[in-house]
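Each remark here refers to the structure printed beneath this line.
So you know, we letter chains A, B, ... as the sequences are listed, proteins then strands, and number each from 1. If you're wondering where the values come from, they're calculated on a predicted model, not measured in any experiment.
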There are 2 protein chains.
Amino acid sequence: MTDLFAKRPSGCPVAFGLDTFGDRWTLLIIREMLLGAKKTYGAFLEAEEGISTNILANRLKQLEADGLVEKRRDPENFRSFLYDLTDKGYALAPVLFAIIRWSGQYDSRSDRLTGMVERLAQDEAGLLAEIEARRARDRAARA
Amino acid sequence: MTDLFAKRPSGCPVAFGLDTFGDRWTLLIIREMLLGAKKTYGAFLEAEEGISTNILANRLKQLEADGLVEKRRDPENFRSFLYDLTDKGYALAPVLFAIIRWSGQYDSRSDRLTGMVERLAQDEAGLLAEIEARRARDRAARA
DNA sequence: CTGGATCCCAATAGATACTG
DNA sequence: CAGTATCTATTGGGATCCAG
């Protein structure tokens with residue numbers, strides 16, 4: 001197995017963040033969980049713009065190892081698993097928001113296609129409340 | 001030449017951001033420019049925790065292509081170049097801040113080693129003013 | 001069957017040596 | 001100083017395989 005995400009001994013908080021989610025796919029998975037309320041391997045496969053199965057498996061494992069995600073059996077379907085964001089994972093919401101705002105300023109296509117830019121501009125409080133409610137529910141489900 | 005950062009036709013603002021700076025090095029270069037006020041190839045080589053020369057060259061080229069950075073001759077040293085952030089580059093400050101805050105919450109080492117976490121917590125306004133002053137100066141220098 | 005992970009191989013990123 | 005060349009390691013796509 002590759003030593004993906006070997007930690008640099010940097011001490012810089014930017015580098016620490018990048019060591020955790022600084023690749024092309026990890027934040028897209030977090031996006032699906034945090035903004036899209038997706039929870040299953042299959043849902044991630046559909047949603048991510050063409051992520052490969054090996055990459056998805058690898059990143060989910062890494063996210064678990066880093067404590068951003070917890071895996072548990074689906075109580076409604078014992079053959080399936082659920083991946084929940086932990087508090088540490090939900091704490092990335094401001095990072096996603098900052099990226100979305102930046103893209104909203106500089107990408108002319110993306111706001112029409114997703115609505116997330118407007119949503120964030122017009123009703124950040126509502127969006128945060130919605131996310132916070134899910135976070136509390138996930139936390140209860142994991143306990 | 002590699003087709004690094006080939007754009008995904010995603011339409012998602014998160015994906016758009018990641019297409020621009022979603023790798024292990026780009027944001028570290030931006031960090032040096034934005035928070036460290038570094039401007040030269042040599043300064044980046046020293047500051048980045050061991051970035052390779054080809055990677056640095058590649059990323060600087062890509063940043064120029066994406067309009068986050070502009071390259072010009074150093075007026076004080078005609079054999080050297082200066083790399084300035086554009087407004088689009090400076091607009092990534094909130095992304096860096098969000099990452100730093102997250103790391104401040106979850107990395108026990110990084111705040112002692114850089115002081116940036118405390119700086120951000122205690123004097124964000126001062127930090128922003130400092131960055132804004134540099135942005136204005138860079139903009140004048142490029143014009 | 002179907003969700004989840006692995007294998008194989010082509011494509012990319014990266015480290016080091018070297019150059020205009 | 002600011003890169004390119006070369007060579008190795010890692011990443012990622014797609015098929016395959018395994019467990020229930």
- Task: Would you indicate what B/F81 reaches in the nucleic acid, counting non-hydrogen atoms under 4.0 angstrom: base, sugar-phosphate, or nothing?
- Result: sugar-phosphate

If you apply the rule salt bridge (Lys or Arg N to Asp or Glu O under 4.0 Å), what do you find for A/D66 with A/K88, and how did you get there? CA-CA 9 Å; A/D66 287 339; A/K88 185 175 178 180; over 6 Å; no

Can you tell whether the side chains of A/R142 and A/E70 come within less than 4.0 Å, N to carboxylate O?
yes

| Any donor-acceptor pair under 3.5 Å joining the side chain of B/S52 to the base of C/dT16? | no

Q. Does a nitrogen or oxygen in the side chain of B/K61 sit under 4.0 Å from OP1 or OP2 of D/dA2?
A. no

Checking C/dA5, C/dG14, D/dT4 against the side chain of A/Y41 (C-beta onward), the nearest is C/dA5

| Candidate pair B/K39 and B/D138, rule salt bridge (Lys or Arg N to Asp or Glu O under 4.0 Å), full reasoning | CA-CA 10 Å; B/K39 285 174 180 287; B/D138 284 353; 2.7 Å; yes

Whole-Å distance, B/K39 NZ to D/dC1 C1', equals 17 Å

Considering only heavy side-chain atoms of B/R24, the closest of C/dA5, D/dT11, C/dC7 is D/dT11

A/L45 atom CG is separated from D/dG12 atom P, nearest whole Å, by 15 Å

Separation of D/dA2 atom P from B/I55 atom CD1, nearest Å, is 18 Å

Whole-Å distance, A/Q62 CD to C/dA5 C1', equals 16 Å

Whole-Å distance, A/F44 CZ to C/dT2 P, equals 20 Å

* Honestly, is A/K71 close enough over A/Y83, meaning NZ or CZ under 6.0 Å from the six-membered ring centre and within 45° of the axis? -> no

Winner on side-chain proximity to A/R59, out of D/dA5, C/dA5, D/dG12, is D/dG12

Looking across every strand, which nucleic acid part, if any, lies under 4.0 Å from A/S80 by heavy atom: base, sugar-phosphate, or nothing?
sugar-phosphate

In whole angstroms, the gap separating P of D/dT10 from CH2 of B/W25 amounts to 14 Å

Sorted by position of nearest nucleotide on DNA chain C, 5' first, the leading residue of B/I51 and A/L60 is A/L60

Using atom types as modelled and distance alone, determine if a side-chain donor or acceptor of A/T86 lies under 3.5 Å from a backbone N or O of A/L68.
yes

How is B/F78 classified with respect to the nucleic acid when contacts are heavy atoms under 4.0 Å: base, sugar-phosphate, or nothing?
nothing

DNA chain D nearest-nucleotide lookup for B/T40 and A/N54: closer to the 5′ end is B/T40

note: A/L56, atom CG; C/dA5, atom P; distance rounded to Å ~ 8 Å

When rounded to whole Å, the CZ to P distance for the pair B/R73 and D/dC1 reads 15 Å

